[in-house]
Each structure stands twice: as structure tokens, then as C-alpha cells.
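Side-chain atoms are counted along with the backbone in the values below, which use heavy atoms only and exclude waters and symmetry mates. Protein chains get the first letters and strands the later ones, always in sequence-line order, with residue 1 at the start of each.
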Amino acid sequence: MKINQITKKNIKGDKIISVYWFAILFIVAGAVIYMVFLFYGKPYDFRKIESDILTTKISRCISEAGYIKDEIFEEGFKENFTGVCNLNFQVEDVYGWREQGQYFVEVEFLDFGSKQVLFSASEGNDNLKEFCDKKSKNLPICLDRNYYSLDKNGKKYQISILSIVRKTEKNA
Amino acid sequence: MRKINRHGELLTENVIFIILNIVFIVILFLFLFMKTGSAAVLEEKYAKQIALIIDSAEPGMVIYIDMSDAIKIAQKEGRDLNKDVVVIDGNIVKVQLREKGGYVYSYFNNVEASVNFDSESRQKYFLVIDKK
């Protein structure tokens, strides 16, 4: 009689534990599914790398081995900046990207001593510039790089390159 | 006699309980593997990766990309590996592993890029970069 009572109690206890156990399993599963959707539901953000490559490409276009290329000082560079640097800012026709423009680049040549802008060239959607002082992953990515270079006469220049990539819908 | 029956019941309950637990964990892992290696994730990953590779490439380069995981899915879906999986049109890369789906991403490097399936390894694609 005693054994039966003990056994009965144990069965009830087991059943209660199994209910709690399944509740824990469902909570764990729910958390895992939530985390997976949180991680894989968002796109890969490649914009920082993209703006970095863009800046490198422009700097290679402007100067070589520490010296500014001659064609930069020639007429037509400002007007045909993308052509000289071999850039194509056409994008896929989604989210109204084509009309908007998803890139902006600006190159400034400053006098090394006075920091006065001697001349500059830019291309792309200049409205993107106003987002650079704000920080949010839903805003365009801005990359501002400066370096020092010489012309063939030995004059020193500070070259400032600002590259902006928007493409927010596919990256943020 | 009653005592033996109770033991029998307990054993069956435990076995069912363990089987259910195992089934539960297996389903959870299947979900994880399906999600991490899903066609949509791979399409996005490879389209963006190829666009970035072309952006940083110089004319004259030939670049190989291992896409074995994507190729497996494309084969299952009956896609033509030579024509349909990776397409470059203008300066836009499209990776499509399924009939319904696909991901497009643009690159800014103004070069002539073409993509070819490596029929020797059958696991890679290679990009040929030329001047425009």
C-alpha cells in the first residue's frame, strides 16, 4: 500500500516535470528562432568596404608613387571626373535608386601650408553630404580620407577625398 | 501484478518523452541549417561579394570564386550553371539560384567584366576583367 502511494506521487511529479521541461524547450526554441531571424533577416552591410574601395580607387587615379598625375591639372578633369577615374555610378533600378543617385564623391586639393582649397571636383548625388554628420545605420556611409602628395614641381598638396555610399535599403 | 504494470507505464512514458525531445532538437537544428544555408542568403552574399571583387579589380585580372554551396542548390533547382546562376549585365551582378528569386547588386568600377562557370572543378566561377 505504501509502495503504491509513493509510486503514484512519483508519476505525478514526473508529469509536472515533463510539462515544465517542454515549456523550457519551447522558450529555448523561440529564443533561437528569434535570434536567427534577427541575424539573417537583416542584409549584409557592405557599404563601408564599398566606400573604402571607392576612396582607394580615386586616390590611385589621382596620384601615383606620391606624385599627382599630370592629367589631373589638365582642363576637363572637373567635368569628366568619373570618366578619368573610370567610375560608373549607374545602379540597379529598384527603390527609385536610379533617379536618386546612390553615390557621391568629392576630391579637394588643398594648399599644404594654408589649407586653402585650390580646386575641387565632385560627382554624384550631393544631397547625401548632409547626412555625414549624423550617425545611424539607416543613413548613408561617409568616408573622409586625407593624404599628402606632390606635383611634378615639388609643390605640396593635401588631398581630401570624401566618398559616400547610400544603398540603405539593401544594406541596413 | 499491479506493480509490474506501473513500471511498464513509466518506461513507455520515458521513452516517448526522450523521443519527443530528440525530435524537437532535430527540428531546431534543421531550421538553423536551412536558414544559414538558404538560397536567399547565398544569393545576397555572392551578388555583393562579386560586385565588391569587381570594384577592387584591375583590367587583366582573372579571379576565381568558390561557390560550391550555391552551385549545389542551383543544381537541385535545375538551373543552367553556365547561363542562369551568375549574370553580369552592364554594371549589375545578378545571382539567381532558384526559379523565383535572385539578388542584384551594382558595382562602380567601369570595367568590362564577364563571368564563366569553371567546368573542370564544377565548384567555382571565374571573373575575367577587361578594359572598357
Legend entry - Transitive ILVMFWY side-chain link L118(A) to L150(A), under 4.5 Å: no
Legend entry - is_close_aromatic(Y105(B), F46(A)), centroid dist under 6.0 Å: no
Legend entry - Heavy-atom side-chain proximity of K48(B) to K167(A) below 4.5 angstrom: no
Inset, instruction - Return yes when atom CZ of F29(B) has more than 12 non-hydrogen atoms of other residues, nucleotides or ligands closer than 6.0 Å, and no otherwise. - result: no
Inset, instruction - Group every Ile, Leu, Val, Met, Phe, Trp and Tyr by side-chain heavy-atom contacts under 4.5 Å, then state whether M67(B) and I53(B) land in the same group. - result: yes
Inset, instruction - Kindly indicate whether the side chain of V41(B), heavy atoms from C-beta on, has any atom under 4.5 Å from the side chain of Y44(A). - result: yes
Legend entry - chain A contact via L28(B) - which portion, at a heavy-atom distance below 4.5 Å: side chain
Inset, instruction - Check K132(B) against N88(A) and note the closest heavy-atom contact, atom names and distance. - result: NZ-ND2, 4.3 Å
Inset, instruction - Return yes when atom NZ of K83(B) has more than 12 non-hydrogen atoms of other residues, nucleotides or ligands closer than 6.0 Å, and no otherwise. - result: no
Legend entry - Hydrophobic cluster identity match, Y46(B) and I73(B), side-chain contacts under 4.5 Å: yes
Legend entry - Joint cluster assignment, L52(B) & L143(A), ILVMFWY side-chain distance < 4.5 Å: no
Inset, instruction - Indicate yes or no: at least one non-hydrogen side-chain atom of Y103(B) is less than 4.5 angstrom from one of K170(A). - result: yes
Legend entry - chain A contacts, top residue of N21(B), L20(B), I25(B) (heavy-atom pairs, under 4.5 Å): N21(B)
Legend entry - F37(A), part contacting chain B, at a heavy-atom distance under 4.5 Å: side chain
Legend entry - E99(A) atom CD, over 12 foreign heavy atoms within 6.0 Å: yes
Legend entry - No-hydrogen, no-angle side-chain donor-acceptor test under 3.5 Å, K57(A) and S56(B): no
Inset, instruction - Check the surroundings of atom OH in Y147(A): do more than 12 heavy atoms from other residues, nucleotides or ligands lie under 6.0 Å from it? - result: yes
Inset, instruction - Please name the pair of heavy atoms, one in S106(B) and one in Y103(A), separated by the smallest distance, quoted to 0.1 Å. - result: O-OH, 4.1 Å
Legend entry - Per-residue contact mode, L32(B) against chain A (heavy atom under 4.5 angstrom): side chain
Legend entry - Segment of V91(A) engaging chain B (4.5 angstrom heavy-atom cut-off): both
Legend entry - Any D55(B) side-chain heavy atom under 4.5 Å of L54(A) side chain: no
Legend entry - Whether over 12 other heavy atoms sit under 6.0 Å from R60(A) CZ: no
Inset, instruction - Just give me the residue among T56(A), V32(A), I49(A), I33(A) that pairs up with chain B most often, heavy atom to heavy atom, under 4.5 Å. - result: I33(A)
Inset, instruction - Assess whether atom NZ of K115(A) is packed by more than 12 heavy atoms of other residues, nucleotides or ligands within 6.0 Å. - result: yes
Inset, instruction - Answer yes or no: is there a side-chain heavy-atom contact under 4.5 Å between Q90(A) and F108(B)? - result: no
Legend entry - Flag side-chain contact, heavy atom, 4.5 Å: N110(B) against L87(A): no
Inset, instruction - Give a yes or no on whether V93(B) and V85(B) share a hydrophobic cluster (residues Ile, Leu, Val, Met, Phe, Trp, Tyr; joining criterion: side-chain heavy atoms under 4.5 Å apart). - result: yes
Legend entry - Residue selection (most heavy-atom pairs with chain B, distance under 4.5 Å) from Y40(A), W97(A), F39(A): Y40(A)
Legend entry - Distance-only polar pair, side chains of K131(B) and N86(A), donor-acceptor under 3.5 Å: no
